[in-house]
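Read through the structure below, which is laid out as structure tokens, and then see the notes.
Just so we're clear, the structure is a prediction, and the values are computed from it rather than from any experiment. Count residues from 1 along the sequence.
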Amino acid sequence: MIAVLKQNATNEQIESLTAWLKERGLTVHISRGELYTILGLIGDTSRIDTELLEGLEMVDSVKRVSEPFKSANRKFHPDDSIIEIGNLKIGGPHFQIMAGPCSVESLEQILSVAKSVSASGAAILRGGAFKPRTSPYDFQGLRADGIDILLEVKKQTGMPVVTEIMNANHLPMFEHVDIIQVGARNMQNFELLKELGKLQKPILLKRGLANTLLELLMSAEYIMAGGNHNIILCERGIRTFETYTRNTLDLSAVPMLRQLTHLPVVVDPSHATGNTRLVQPMAMAATAAGAHGLIIEVHPDPVNALCDGAQSLTPEQFAEVTEKVHRIRGIVEPGAALQ
């Protein structure tokens, strides 16, 4: 349920109403816009007399929300959420590119990539320290040593880092990681999501290989229910009957999610296609579709990469992608290209 308050509602009135609602066992999420203040009511709203609430002088209207995701719902929060990562912002008019190798291999490798992608317009460094792999015999990442390398490169370059977590027990290692990524295989690891809800740190939540948008938003809801609203959604392709690409990039998810939720949406064209030649056109298409950012795999020597070399761009290819994305951003958001 949402209660839309009138423009002239005072802070005292809002606090009094919020306290009254909380006494009835509801969680109240307050969203203050330019014209209205919206109270999102989460819990058993059947105990609330809608007519009584709507009859209050300060209340403009009351609506019941049928969707099961509440905190992530744009009806609860009409304005775009803007997630802050240090001095950077993502969401609304703010667009960011995250780039780096699929897996951390060495300090020299990550430092080289960080410098090259930063020079080409990426603001956030990505790199996998823990790598979930289909085969137990494949490279699983450098784990704690990989995180140490990422943090050392962050120290040297000033770039915030994003890396994937696989186990809630690993959280102490991620204390200084700027964005914690929840990979596609863990999108419905609800116990992990609950632990991430206790943090006040940005979470990059990837859509599962065979999950609907509703399921993605419900996973975001798990994190938000714990109090952490710093969530960035990521479309990374879903599994279909098509075999020419690694996954099928569902670009319709971008405008659909922007309609359903206030959370920022980024796209991963690397995992979606699994093919270097397709990364550039899909990055451009995702930007045109309204994505708030991209996460792209870049490796100095893709042929010899320990993980996902077939979908990794060289630094030179990445520079070409960002140049074209920059031009598309100038059309989609005039005056607010790459920020």
4.5 Å side-chain heavy-atom contact, L294 and D268:
no
Enclosure of Q200 CD (heavy-atom neighbours >12, cutoff 6.0 Å)
yes
Check for me, please, whether M284 and V117 land in the same ILVMFWY cluster - side-chain distances under 4.5 Å, paths through other members count.
no
Interatomic distance, CD1@I30 vs CD@E15, rounded to 0.5 Å, equals 8.0 Å
Straight-line distance of H262 NE2 to S71 OG, nearest 0.5 Å
7.0 Å
Has the side chain of E316 got a donor or acceptor atom that lies under 3.5 Å from a matching backbone atom of F318?
no
Over all heavy atoms of both residues, which pair between A114 and V153 is shortest? Give the atoms and the distance, please.
CB-CG1, 3.6 Å
Using atom types as modelled and distance alone, determine if a side-chain donor or acceptor of R24 lies under 3.5 Å from a backbone N or O of W20.
yes
Is there a side-chain contact between M187 and L205 in this structure, where contact means two heavy atoms from C-beta onward sitting under 4.5 Å apart?
yes
Around atom CD of E242, are there more than 12 heavy atoms from other residues, nucleotides or ligands closer than 6.0 Å?
yes
Between the main-chain N or O of P264 and the side-chain N or O of D80, is there a donor-acceptor pair closer than 3.5 Å?
no
Mind listing the closest non-hydrogen atom pair of A283 and V321 along with its distance?
CB-CG1, 3.9 Å
Nearest 0.5 Å, please: how far is CD1 in I147 from CE in M173?
6.0 Å
Could you tell me whether a side-chain N or O of T261 sits under 3.5 Å from a main-chain N or O of A72, the two making a donor and an acceptor?
yes
Does a salt bridge link E57 with K6, judged by any charged N lying under 4.0 Å from a carboxylate O?
no
If you measure from CD on E152 to OG1 on T157, what distance do you get to the nearest 0.5 Å?
9.5 Å
Keeping the roles fixed (side chain from T276, backbone from S312), state whether a donor-acceptor pair exists under 3.5 Å.
yes
Would you mind checking if R32 and D79 are paired as a salt bridge, meaning a charged N to carboxylate O distance below 4.0 Å?
no
Could you give the distance from CE (M159) to CG (L88), rounded to the nearest 0.5 Å?
9.0 Å
K154 side chain vs L125 backbone, donor-acceptor pair below 3.5 Å:
no
Taking everything shown except R185 itself, do over 12 heavy atoms lie less than 6.0 Å from its CZ?
yes
Is a donor on one side and an acceptor on the other found under 3.5 Å between the side chain of R236 and the backbone of V267?
no
Hydrophobic cluster identity match, L111 and L313, side-chain contacts under 4.5 Å
yes
Flag side-chain contact, heavy atom, 4.5 Å: N230 against I203
no
Give a yes or no on whether I90 and I328 share a hydrophobic cluster (residues Ile, Leu, Val, Met, Phe, Trp, Tyr; joining criterion: side-chain heavy atoms under 4.5 Å apart).
no
Min side-chain heavy-atom separation L17-Q13 under 4.5 Å
no
Has N186 got a side-chain atom pairing as donor or acceptor with N189's backbone, closer than 3.5 angstrom?
no
I'd like to know whether NZ of K115 has more than 12 heavy-atom contacts from other residues, nucleotides or ligands below 6.0 angstrom.
no
Is a donor on one side and an acceptor on the other found under 3.5 Å between the side chain of Q109 and the backbone of S103?
yes
L217 CG to L213 CG distance, which is reported to the nearest 0.5 Å
6.5 Å
Does a salt bridge link K75 with E67, judged by any charged N lying under 4.0 Å from a carboxylate O?
yes
Is there a continuous path of hydrophobic side-chain contacts, each under 4.5 Å between heavy atoms, that joins L142 to L151?
yes
Under 6.0 Å between ring centres, would you say that holds for H29 and H229?
yes
Treating Ile, Leu, Val, Met, Phe, Trp and Tyr as nodes and any side-chain heavy-atom pair under 4.5 angstrom as an edge, say whether L56 and L39 lie in one connected cluster.
yes
With heavy-atom distances below 4.5 Å as the criterion, would you say the side chains of F130 and H170 are in contact?
yes
Beyond-backbone contact of Q259 with R74, side-chain heavy atoms, under 4.5 angstrom
no
Can you tell me if N87 has over 12 outside heavy atoms packed within less than 6.0 Å of its CG?
no
Compare every heavy atom of G127 with every heavy atom of L150, then report the nearest pair and how far apart it is.
CD1-O, 3.5 Å
Could you tell me whether a side-chain N or O of E195 sits under 3.5 Å from a main-chain N or O of N169, the two making a donor and an acceptor?
no
